[in-house]
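A short write-up of the structure that comes next.
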Amino acid sequence: MPSEPDSRVALAAYAVTKRFPGVVANDNVDFEVLSGEVHALLGENGSGKTTLCKMLTGMYQPTAGRIEVDGKPVVLHSPADAHHNGIFMVHQHFSLVERLTVAENVMLGWSLDGSRIRFKRRKAEQEVARLAEQYEMPVDAGKMIGDLSIGERQRVEILKALCRGARVLILDEPTTVLTPQEADRLFASVRGLAKAGNSVIFISHKLHEVLAVSDRVSVLRRGVMTGTVELGDHAAAVDRKELARMMVGREIELGRRQRAARAQEAPAAGLEIKELVVHNDLGILAVDRINLNVAAGEVLGVAGVAGNGQREFAEAIAGVRPRSGGEVCVGGTPVRSGRPLAALAAGMAFVPEDRMGIGLASGIDVAENLVLKSFRTGAFSRGPLIRRGRVVENANALLSGYELRGGPASLVGQLSGGNAQKVLLAREMASQPKVLVIAAPTRGLDVGVTETVRKLIAEAADRGTAVVMISEDLDEVLDLADRVAVMSGGRITGIVDAEGADVEEIGLLMMGQEQAA
Amino acid sequence: MSAILPAFPIRLEKRTDRTPRWVQAATPVGAFLFAFVIVTVILLAGGHNPLQSYNAMLQASVTSTSAISQTLVSATPLLLTGLAAAVAFRMGIWNIGGEGQLYVGAICASGVALAIGAHGIGLALPAMILAAMVGGALWAAIPGLLRAYLNANEILTSLMLNYTAGLLLDWLINDSNSYWRDTSGASAYLVAHGKTIPGSADWPAIGGGNFSVPFGFLVGLVVAALLFVLVRHTWLGYQLRVTADNPGVGRYAGMASKRNFVIVMLLSGAIAAIAGASQVGDFTHILDPTGLQSPQYGYTGIVVAALGRYNPLAVVISALLLGAITNAGINVQSATFPQSLTGVIEGIILFCVLGSEIFSRYRVRVGAEKATVTA
């Protein structure tokens, strides 16, 4: 709670708590946004950023605490209420009609003069042009949305909010869809908005952007606000260190993996990654010339804020996403690009972060999901027919150690997140892989399943599997990994030994500061 | 601006769990009954006595062996086109081209029958079916390949090819001296028509007395059983199910999704084409452009498939049902009961059954909203 009311506070949440069944998404959170500032909100996936913003925009009601606009308590029942108070959110997925013009989109469901019947095209276009000019967000008001670039569409979304009287704009990861050039233009517009007295809440995973555009930064971890720092032009180094500590701060010391004493001789070749270059779905460079070696029996942790190319990195190694350049070798043998079967044959196992998105088919039962990668072996076939008995036997055998709720015939879509992860791990471990790529291994899992998953990773390494573990949870990475590679902006900015690692140094590497050679 | 939606006391909640089996079964039945409530109102509005009309329809379709035989005749093409649509739609592939694939099947089958029909049914029947299947598969391969490799929308391409195939039919019989056209006498030029296939190539009907089952219907039953096995019990079907459930998983597991897409199209086209072969072999014995085009079996097959929820075995039932209604419509039509009224009945049934889908995917709740959202 602030000691004295600041008259510049445009929007604030005080002691706000939001509970969902079984989860406290926001725990006693204080958050203030001043007029004329760009305020960045940082946090891992699931840290409560979205919940907080949904309460600020009237989509959720807080379980406890209050929200104030200009120092006066308000109750926001709906997004319309938030709009009345000048609070608008621009989502990652735009809500624009492609077949309408910019001006038509801006005026959709809205009117300049209160008339609900007549659409005054000329007037609307003039108003849009005026705002576009005022905030230096050039866009042709008469153009069809379908003909605009993604960056221009985003400008239309922002203009839409401004035209309706926005004073507080919440931008939800606005740069994920943009090229670096478009992102730079957006930053200029955001600065312009703030200069004109508006407030911008900027949600991002990319620290360098946050540093470039924000006046202040607040960090959420596991639903708790860990602090707010001012990013003055001076003393930047101090601020960065402070920020790094807030982001990665270690509160809970979990059991560190007992590493088997490793023999002195040079370890067998596991996974080698040479000059790997990968583009994301939009064709934007996501992984920029990464070189890494992971020995057999080693766990390499890849730490970093989400959205810095980890997903593309993992998918490219596992052959699910084509590489744009570079080489991936398993046990010294190169693996073909973008061929999941080639990677599988080479001994690669892959547990993706998006479990239900690509790892498991939710409308198919557990037993059939467990043979997703082995059905071609013939062990489950009689001619072209499925030997259901063998498929079920296989499921029972693989799941014997896992205490799975539900049997081989349950649909995967009905399982809890933890049980789904068990199915996925059971399948990937079944082939005794040479290389295991595992992303966000315990995200969203309860303590018990988390323990199981960690044990499995450690066991795999002890059996001689080269493990690449990608996680946002630095505690987890430090507990399980032998070495930690830090990823930022699609590059590995540094590699440190997990034993006795300096958390602050890792934090700085996560912000994109390259390690001194 | 005020809230656009009023606080409505009835809400739909998405089911997160598996829909109970009884709901899955009860929904279409309930929808079917509801459809007849609407139909009753329409009949009353049109001055018909609904009880009399229903009685006449039942007599025409189900209450005697000959009526059932007639129903099977109407159901035969619907069963095959329904299965063709079901296998494609079940896999998330929108083959609207059953109509054109049926025409091509009829062209191929009648061509083969004219060429080798005289050698006896033992050769003619399998040859006709095979030729139709190959023709239909190739016709369906066009949209299939265009979609798989050039990303052209298969709904549009397969639909356009229906018109192409229809014009091909017209051209073969009406506008050319093709192999299929009867050019033997002067009358052949007064009313253009196709050559009649040799009697030894007529497909046998199974049964006795005044009960008979068209051979094409039996073929349809076999196809339904094979499709059921393919989808549930083969690894090809497994791959198709996985890809249909989640294309991302298919890619992750290295399944050849493009190849699978084309396979499904070929299969769907081949099955629709058997319906065309059956029309020639079972019923008309000539290539008849009007007779093939006016009933729109291909499009009705989509309705049949939807009623059967794309399950091959359920499609048998829905084909019988729509066959019965079609047959009833033909028989009860009169000056006061136009055939278009049966079209209305079909349309209402489809509307209700497809509309009822929402009840199996959503749960209806009445009362004020309780906050049960999760993060």
Side-chain angles (χ1 to χ4, degrees), chain A residues 18 20-23 25 46 48 50-51 54 59-61 63 77-81 83-84 109-111 164 315 318-321 339-344 350 352 354 356-364 368-369 371-373 375-376 380-381 383-388 391 410-414, chain B residues 1-7 14-21 24 90-92 225-260 263 267 309-311 360-361 368-375:
Chain A
K18 178 70 185 174
F20 293 113
V23 192
T50 313
T51 305
K54 283 191 169 171
M59 282 187 269
Y60 289 164
Q61 310 303 317
T63 315
H77 288 293
S78 66
D81 278 353
H83 293 177
H84 273 306
W110 170 257
S111 150
R164 287 160 164 74
E315 290 182 357
V320 175
R321 180 183 291 276
R339 299 295 170 114
L341 292 184
L344 182 64
F350 177 34
D354 191 3
M356 292 302 204
I358 66 171
L360 296 167
S362 55
I364 306 269
E368 289 197 329
N369 266 288
V371 294
L372 190 68
K373 290 194 168 170
F375 73 89
R376 292 182 181 84
F380 309 109
S381 310
L385 296 182
I386 299 173
R387 294 186 80 153
R388 177 71 190 175
V391 172
S410 357
L411 292 185
V412 163
Q414 293 170 284
Chain B
M1 254 191 332
S2 60
I4 295 160
L5 289 169
K14 195 154 192 161
R15 284 181 189 273
T16 46
D17 48 347
R18 191 180 224 170
T19 308
R21 270 184 188 274
Q24 280 185 24
R90 168 72 178 76
M91 301 307 174
L226 287 177
L227 279 184
F228 181 78
V229 171
L230 174 84
V231 172
R232 293 261 26 129
H233 298 288
T234 70
W235 289 114
L236 175 63
Y238 169 74
Q239 293 190 50
L240 298 175
R241 275 186 290 130
V242 168
T243 311
D245 183 72
N246 186 336
V249 178
R251 224 175 303 124
Y252 163 84
M255 294 174 183
S257 56
K258 290 180 178 178
R259 191 202 63 188
N260 289 344
I263 288 177
L267 196 61
R309 286 166 185 267
Y310 313 138
N311 175 329
S360 61
R361 280 188 292 129
E369 184 167 7
K370 271 178 282 174
T372 48
V373 223
T374 47

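The chains referred to below are lettered A, B, ... by the order of the sequence lines, with proteins before strands, and numbering in each begins at 1.
When side chains are defined from C-beta on, A:Arg376 counts as touching B:Met255, because their heavy atoms get closer than 4.5 Å. For the pair B:Arg251/A:Glu315, no side-chain contact is recorded, criterion being any heavy-atom separation below 4.5 Å from C-beta on.
Heavy atoms of A:Arg321 lying under 4.5 Å from chain B are absent altogether. Residue contact with chain B, scored on non-hydrogen atoms closer than 4.5 Å, involves the side chain of A:Val391 exclusively.
For the atom pair CG of A:Leu385 and CG of B:Leu230, the computed distance is 10.0 Å after rounding to the nearest 0.5 Å.
Using bins of under 30°, 30° to 60° and over 60° for the plane-to-plane angle, the ring pair B:Trp235/A:Phe375 lands in the parallel bin.
Top candidate by heavy-atom pairs under 4.5 Å with chain B, chosen from A:Asp354, A:Leu360, A:Leu344, A:Thr50, is A:Leu360. If you tally non-hydrogen atom pairs under 4.5 Å between each of A:Pro79, A:Ala342, A:Gly359, A:Pro352 and chain B, the highest count goes to A:Gly359.
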key: Evaluation steps, side chain to side chain contact (heavy atoms under 4.5 Å, CB included), between B:Tyr238 and A:Leu372   = CA-CA 9 Å; B:Tyr238 169 74; A:Leu372 190 68; 3.6 Å; yes
request  = I would like to know whether B:Val242 and A:Ile364 meet side chain to side chain contact (heavy atoms under 4.5 Å, CB included); could you show each step before the answer?
outcome  = CA-CA 7 Å; B:Val242 168; A:Ile364 306 269; 4.2 Å; yes
inquiry  = Please determine whether side chain to side chain contact (heavy atoms under 4.5 Å, CB included) holds for the pair B:Asn246 and A:Ser362, giving the CA-CA distance in whole Å, both sets of side-chain angles, and the decisive distance to 0.1 Å.
reply    = CA-CA 8 Å; B:Asn246 186 336; A:Ser362 55; 5.8 Å; no
inquiry  = Run B:Arg241 and A:Glu368 through side chain to side chain contact (heavy atoms under 4.5 Å, CB included) and show every step you take.
reply    = CA-CA 11 Å; B:Arg241 275 186 290 130; A:Glu368 289 197 329; 2.7 Å; yes
